[in-house]
Every structure is written in C-alpha cells, then in structure tokens.
Amino acid sequence: MKNKLILFLSSIFLVSCAGIVFEPEKVEDFFSWGDTEQDQIPDDAIMYECKAKNRFFIKYLDDKKTIWIVFPEREFKLYQDEANPAIYTNSLTTLELSNENTFVKDQKGIVYENCFVKLND
C-alpha cells in the first residue's frame, strides 16, 4: 500500500511539472553576479552623478508632479512638495533638486550629495 501511495504522489508531481517551460535566459539572470543596473533604468531617465562616484536616475511622471527615482539597490516614487517644486518626497526619502547641489536624504541623513546631471558624452 505504501509503495502505491509513493508511486501515485510521484506521478502527480511529474505531471504537474510537465507544464513548466525551461528558459535558460531567466536562469542565467537569476544566478548572474553581474551588474544588472542597466536593465533597471527607465527610458528617458536623467542620470545624476554624485560625490564619491555614486549615481542615481530620475524619470519625471505626471507632468513633473512625481518622479521615479532609481538607485543601484532600489527604486521608488517621490511626490513633489506643494510648497517647493524643487523638492520631491515620500516622507521617508527626500530629493532636493538644485543647480549647485542636488542631494538625497532619508531619516538618518544625507545619502547622496553634490549631485549633478550627467550629460551624454
């Protein structure tokens, strides 16, 4: 009886796997240790280079009322401050745009500073 149950469960498992399609490209992406930051950059994004060679990207959304900000390790949306249109925030992170010193800060302090738009070479 035990052997029949094992055979039955094994058969169900194998049949359920029959619909799975193996895609080598996705497996390569999952196990790759390379830099995949380029894949995360939105079209028409603006790159900022900062002190200590840090960089991030922004893309304006909703007639510049919101932006999508992309860091190497994360990305999220920020909303324009009604009182100051050069400030975008989500209460946890703040981006202040300036010709002299664009910076990003969070609750702990400044994360990126002395940032400037990187123009295409």
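Contact detail for Asp44 and Lys59: the closest heavy-atom pair is O-CG, 4.5 Å. When all heavy atoms of Arg55 and Pro72 are compared, the pair lying nearest together is O-CD, 3.7 Å. The two atoms that bring Cys50 and Glu113 nearest to each other are CB-O, 3.4 Å, heavy atoms only.
Here Ile58 contributes atom CD1 and Lys64 contributes atom NZ; the two are 8.5 Å apart, rounded to the nearest 0.5 Å. Annotation: the span from Lys65 atom NZ to Leu78 atom CG amounts to 15.5 Å, rounded to 0.5 Å. To the nearest 0.5 angstrom, Lys108 atom NZ is 11.5 Å from Leu92 atom CG. Atom CZ of residue Phe103 and atom CG of residue Asn114 lie 10.5 Å apart, to the nearest 0.5 angstrom. The CG atom of Leu119 sits 9.5 Å away from the CD atom of Glu49 when rounded to the nearest 0.5 Å. Note that CG of Asn101 and CD1 of Ile110 are 7.5 Å apart. Values are rounded to the nearest 0.5 Å.
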Item to check | Residue pair Thr93, Ile69: steps toward the side-chain contact (heavy atoms from CB on, under 4.5 Å) verdict | outcome: CA-CA 10 Å; Thr93 302; Ile69 189 163; 5.9 Å; no
Item to check | Candidate pair Tyr48 and Val117, rule side-chain contact (heavy atoms from CB on, under 4.5 Å), full reasoning | outcome: CA-CA 4 Å; Tyr48 281 82; Val117 173; 3.6 Å; yes
Checklist entry - Going through the distances and angles, do Tyr79 and Asp62 end up as a side-chain contact (heavy atoms from CB on, under 4.5 Å)? => result CA-CA 10 Å; Tyr79 303 90; Asp62 306 322; over 6 Å; no
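Put simply, Met47 and Phe116 are part of two different groups of oily side chains (I, L, V, M, F, W, Y) that touch within less than 4.5 Å, one to the next. Under a hydrophobic clustering in which Ile, Leu, Val, Met, Phe, Trp and Tyr are joined whenever their side-chain heavy atoms come within less than 4.5 Å, directly or via other members, Ile87 and Ile67 fall into different clusters.
In this structure, the ring of Tyr112 has its center less than 6.0 angstrom from the ring center of Phe71.
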